[in-house]
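By convention in this document, chain letters (A, B, ...) are assigned in the order of the sequence lines, proteins followed by strands, and residues within each chain are numbered from 1. Below, all heavy atoms of this structure are taken into account, side chains as well, without hydrogens, waters or symmetry copies.
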There are 2 protein chains.
Amino acid sequence: MNGHETVQPPLDDASVASDPVRASTAEIKSVIASMIAEEGERNSAAGTALDRNCAHDRVRWAILERIMDGTYQPGERLKELTLAREFHLSQAPVREALRKLEAIGVVKSEPYRGARVRELSPTELRDAYQLRGILEQAATEFIADFPEEAVRTLETEYAAMRAAVTAGDLQGVACHNRNFHRCIVERCQNQEILRAWKSLGICMRARLNVQRRLDRLPEAILSHQPIIDALRTGNLRYAGQLLRDHSFGFVSDLV
Amino acid sequence: MNGHETVQPPLDDASVASDPVRASTAEIKSVIASMIAEEGERNSAAGTALDRNCAHDRVRWAILERIMDGTYQPGERLKELTLAREFHLSQAPVREALRKLEAIGVVKSEPYRGARVRELSPTELRDAYQLRGILEQAATEFIADFPEEAVRTLETEYAAMRAAVTAGDLQGVACHNRNFHRCIVERCQNQEILRAWKSLGICMRARLNVQRRLDRLPEAILSHQPIIDALRTGNLRYAGQLLRDHSFGFVSDLV
DNA sequence: ATTCTTAGGATTATCGATAATCCGCCGCTC
DNA sequence: GAGCGGCGGATTATCGATAATCCTAAGAAT
């Protein structure tokens, strides 16, 4: 593909970034960063320099980014040698990257048949939204306290979300929505809940494509306001209830 | 390839099974089988012959089994070439197996430092038990109906659990306990909840080692009876509440 | 025309070897 | 004797090549 590159020795981030569709790259990066952080947490307390050294980790990061930003569509084939050539690597590290992505459910592969970006059926999506609601409710009940500073972050994200929806920027809506919810769940004392929520987030990546009911989107977004209010007044239990209902609300759109 | 084998084509289960500590192998097998099934579900609707073909899947299965049955202790080093020699394979499939195990949190690896069986801190274990309680409560509320046949299964497992505890067979207790809970969660309509619960089960493998408070074990087991009663009378919501409390009850033993 | 068989091309799975990195040990300096 | 710097063994990371498998489609048989 974008073969013989310029400088970067093995996997040049340049090629990754200069390539295709690019909208709000910074936002996407932050999402990706949180995912990487998730795995870092799982692997070691301070998950930092892990993906700097290993080619297979860089490849995994790059593929994940492309899946998240829509470069690779759901169902799209991921050929090992093609990716290897693109990254100026051999097949082995690409395979390892795909194995990890397969294990966390981002990619689906069959022996001798290759790997594809995993597609989510409406049923799976419905189940995922329900589970997200359950986890967010539980997480909220485990929050020790919700400081004013965090409330302000919520308001910022909420405002950005409304701005994005009026601008018709679905990508932006998805991103700020995710940030909003993450800001809440991250305050949870229970790391396993947080981990489960994040691993679910990976599967929810099917950006708002599924939200074909664009007309109902604005009203869905407005339901974030009461959540902010409940959190500000420290009514965590009620906030949890609202979050659960909020997620369950999407279910009806999905069969 | 490694043609000249005896019977089992590549990875001879013989060597795997003839090796070390062995207690109630059949029970362990069933646990493993359920885990494999879990991944099968994730990979394709009918996850069956996937791990028959690929060496890396068989290796993953074998390593997982050894971790589950205690052959590989938490923290133990897993050397790639040692495993490769043992399975009569090259390094590549072993690496792929380890990458997958790493992604699901069973193994932890650092670049150039190798892979180890992941250890769970008391805090992680506490969080895991809490999450399990939450998931089981949610799952129960999503159950459509709980037939008499399933109730009988629960009673069977419950009886086996009590028998195991009087016999001092901790492995057996853990296994039947797991079967008991699985029988409930499997009736859940929401596949994502089921998946999350199963992936948690992998981390809870730290068998009942943690349950050093052996004296309190019998009473903890008795708390299964009201759950059975609630399910038999169709009081699913109450059963969910009991299951949550049941799991949370273990938390106090773990700080 | 339809079905069956079977080359051919494409891709994955595995191998064996090499490069890169880490760790402990030994001698050296002070 | 203590600290330091670099050799050597051990192990992982990556490579390039080969074997195994799958898919397609052309051709033969009915």
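The residues E96(A) and R99(A) are annotated as not salt-bridged, no charged nitrogen and carboxylate oxygen being separated by less than 4.0 angstrom.
To the nearest angstrom, P of dA20(D) lies 16 Å from CD of Q91(A). Rounded to an integer number of Å, the gap from NE2 of H56(A) to C1' of dC15(D) is 15 Å. Taking atom NE2 of residue H88(B) and atom C1' of nucleotide dG16(C), one finds them 17 Å apart after rounding to whole Å. Taking atom CG on L89(A) and atom P on dT18(C), their separation rounds to 20 Å, with Å as the unit. The CZ atom of R58(A) sits 13 Å away from the C1' atom of dA20(C) (whole-angstrom rounding). The distance between atom CG of L83(B) and atom P of dA10(D), rounded to the nearest whole Å, is 18 Å. Per the geometry, CD belonging to E96(B) stands 13 Å off P belonging to dA13(D), to the nearest Å.
Of the listed nucleotides (dT14(C), dA13(D), dG16(D)), dG16(D) has the atom at the smallest distance from the side chain of S90(A). You'll find that the side chain of P93(B) is closest to dC15(C), out of dA13(D), dT14(D), dC15(C).
Residues forming a ring pair (Phe, Tyr, Trp, His ring centres under 6.0 Å) with F142(A) (at least two apart in sequence, or on another chain): none. In this structure Y72(A) satisfies the ring pair (Phe, Tyr, Trp, His ring centres under 6.0 Å) test with no other residue, sequence neighbours excluded. Shown here are the side-chain hydrogen bond (donor to acceptor under 3.5 Å, both in side chains) partners of E80(A), two or more places apart in sequence or in another chain: Q91(A), R95(A). Under the rule for a side-chain hydrogen bond (donor to acceptor under 3.5 Å, both in side chains), the partners of S121(A) that lie at least two apart in sequence or sit in another chain are E124(A). Looking at residues two or more places apart in sequence or on another chain, you find no ring pair (Phe, Tyr, Trp, His ring centres under 6.0 Å) involving H56(B).
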Polar pairs (N or O, both sides) under 3.5 Å between protein and nucleotides 9-11 of chain C?
residue: dT11(C); atom: OP1; partner: K79(A); partner atom: NZ; Å: 2.6
residue: dT11(C); atom: O3'; partner: R77(A); partner atom: NH2; Å: 2.9

